[in-house]
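Here is the structure we will look at, set down as structure tokens.
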Amino acid sequence: MLTETVQKAVFFDVDDTLYDHLAPLRKALQDVLSLPEDMPYGEIYHRFRYYSDLLSEEKNLSAVPEDAALADMRRRRFMLALAEFGVFITENEAEAAQAAYVNSQFLIQPFPGAMDLMENLTRLGVKVGLITNGPEEHQQKKLEALQVERYIPKHHIFVSGGVGYAKPDVRLFEHANKITGTTPEHSYYVGDSWRNDVVGAIDAGWTVLWFNHRDALPESDHTPHFTVHNYDEIAERLLLASQYA
């Protein structure tokens, strides 16, 4: 449990944890590929994230700068995910969808309650930060769109492409602890991805809140400490753990 005698820390994932990651994907698929409204976009999103994480982990793409291999992964994840739903696209169409997807990501809004929670935790003396996978410049543009600098100091933001380690590698979590002067036993992590967030943070010895707002299924025998579905539940758990609620 968190107490007043230790340095408390809460870190958040970014994609689909701070904002709705499905919204820009849906817009890209509809604008570029003219997919109908009744497509199962939630299911498509699950498979899109699955292939994104799988292909990235195979070649450690989240821990390196943008390059041709990363561009190829981004095309393949569109093609593989959509093929499972009977939609077969060319590499050119996948590249156009990726471009539209990126542009939409810079128009994002945070989930209701996310920024208020960060502000409240900071006021209570908790160190608040972010740990996210992806190229540093690309992720930074999202953070600018979300205006996270109003709530989180720059030296508490850890982007895998800048650090050199990517979730679920425990070294990324260890690096965050070292830089912020915190310890695993007093660090909480909030994230939506089983592969990256749940597995990575648990293996690093952190307390994990699995933000399962899309009703995903576990992918391993790891056990998150809490499963939450919205920011009201996240705030309740964190404030109770801080013994301030």
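Considering only heavy atoms from C-beta on, E95 stays 4.5 Å or farther from E91 through its side chain. The shortest side-chain heavy-atom distance between S193 and V198 does not fall under the 4.5 Å cut-off. L82 is listed as a side-chain neighbour of L35, based on a closest heavy-atom distance under 4.5 Å. Y50 places none of its side-chain heavy atoms less than 4.5 Å from the side chain of L80. You'll find the side chain of N212 stays beyond 4.5 Å of the side chain of D192, heavy atoms only. Considering only heavy atoms from C-beta on, L121 stays 4.5 Å or farther from K127 through its side chain. Between I179 and H156 the shortest side-chain heavy-atom distance does not fall below 4.5 Å. Side-chain contact between K141 and V102 is absent, with no heavy-atom pair separated by less than 4.5 Å.
Remark: side-chain polar atoms of Q30 are not paired, donor with acceptor, to backbone N or O of K27 under 3.5 angstrom. N120 places a side-chain N or O within donor-acceptor distance of the main-chain N or O of D116, the cut-off being under 3.5 Å. Listed for the Y151 side chain is no donor-acceptor partner under 3.5 Å among the backbone atoms of T122. The closest donor-acceptor contact from the side chain of H213 to the backbone of H229 lies at 3.5 Å or more, if one exists at all. The main-chain N or O of E233 is found under 3.5 Å from a side-chain atom of N230 such that the two form a donor-acceptor pair.
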- prompt: Are K154 and E149 close enough, and set up right, to give a salt bridge (Lys or Arg N to Asp or Glu O under 4.0 Å), and what steps lead you there?
  reply: CA-CA 7 Å; K154 187 174 182 179; E149 71 277 1; over 6 Å; no
Test side chain to side chain contact (heavy atoms under 4.5 Å, CB included) applied to R74 and L70, step by step: CA-CA 6 Å; R74 288 170 170 169; L70 185 59; 3.7 Å; yes
| field | Step-by-step side chain to side chain contact (heavy atoms under 4.5 Å, CB included) determination, Q98 to R75 | value | CA-CA 7 Å; Q98 170 64 26; R75 289 190 296 267; 5.8 Å; no
Evaluate the side chain to side chain contact (heavy atoms under 4.5 Å, CB included) criterion for residues H175 and K178: first the C-alpha distance (whole Å), next the side-chain angles of each, then the deciding distance (0.1 Å), finally the verdict.
CA-CA 5 Å; H175 178 77; K178 180 179 179 180; 5.6 Å; no
Q) Hey, mind stepping through D197 and K167 against side chain to side chain contact (heavy atoms under 4.5 Å, CB included) and telling me if it holds? A) CA-CA 7 Å; D197 302 327; K167 299 179 295 183; 2.7 Å; yes
- Query: Passes ring-ring contact (aromatic ring centres under 6.0 Å, His included), Y165 versus F173? Steps please.
  - Reply: CA-CA 9 Å; Y165 307 125; F173 296 90; over 10 Å; no
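Residues R77 and S52 come closest through the heavy atom pair NH1-OG, 3.0 Å. Annotation for A204 and V170: closest pair N-CG1, 3.7 Å, computed over non-hydrogen atoms. Considering all non-hydrogen atoms of both residues, K8 and L124 come closest at CE-O, 4.5 Å. For the pair Y189 and I131, the tightest heavy-atom approach, listed with the atom from each and the gap, is OH-O, 2.7 Å. The nearest pair of heavy atoms linking V128 to I152 is O-CG2, 3.6 Å. Pairing each heavy atom of P168 with each of V199, the nearest pair is CB-CG1, 4.3 Å.
Atom CG of residue L18 and atom CG of residue D13 lie 7.0 Å apart, to the nearest 0.5 angstrom. Here the straight-line distance linking atom CZ of R49 with atom CG of D16 works out to 5.5 Å at 0.5 Å rounding. If you take OG1 on T90 and CE on M79, they are separated by 6.5 Å, rounding to the nearest 0.5 Å. L146 contributes atom CG, which lies 11.0 Å from atom CZ of F106 (distance to the nearest 0.5 angstrom). In this structure, S160 OG and Q139 CD are separated by 7.0 Å, a value rounded to the nearest 0.5 Å. Rounding to the nearest 0.5 Å gives a distance of 10.5 Å between CE of M73 and CG of L54.
Under 3.5 Å, the side chains of S56 and N133 contain no donor-acceptor pair of N or O atoms. No side-chain donor from either of Q7 and T182 sits under 3.5 Å from a side-chain acceptor of the other. Using modelled atom types and a 3.5 Å distance limit, the side chains of N196 and D53 yield a donor-acceptor pair.
If you chain together hydrophobic residues whose side chains sit under 4.5 Å apart, I108 and M118 fall into the same group. Residue L209 is grouped with residue M115 when hydrophobic side chains (ILVMFWY) are merged at heavy-atom distances under 4.5 angstrom, including chains of intermediate members. Linking ILVMFWY residues whenever their side-chain heavy atoms come closer than 4.5 Å, directly or via other members, places V14 and L238 in the same cluster. Hydrophobic cluster membership is shared by V190 and V159, with clusters built from Ile, Leu, Val, Met, Phe, Trp and Tyr side chains linked at under 4.5 angstrom. Both Y45 and I89 are assigned to one and the same hydrophobic cluster, defined by single-linkage of ILVMFWY side chains at heavy-atom distances under 4.5 Å.
Aromatic ring centres of W210 and F226 lie farther apart than the 6.0 Å criterion allows.
Under 4.0 Å is where a charged nitrogen must lie from a carboxylate oxygen, and between R214 and D20 at least one such pair does.
Relative ring orientation between F158 and F11 is described as tilted, the plane-to-plane angle lying within the 30° to 60° band.
Both tests do not hold together for R76 against Y51: distance to the six-membered ring centre under 6.0 Å, angle to the ring axis within 45°.
Looking at F48, F111, Y101 one by one, the single match for ring pair (Phe, Tyr, Trp, His ring centres under 6.0 Å) with H21 turns out to be Y101. Checking Y231, W194, F12, Y19 one by one against F211, the ring pair (Phe, Tyr, Trp, His ring centres under 6.0 Å) holds for a single residue, Y231.
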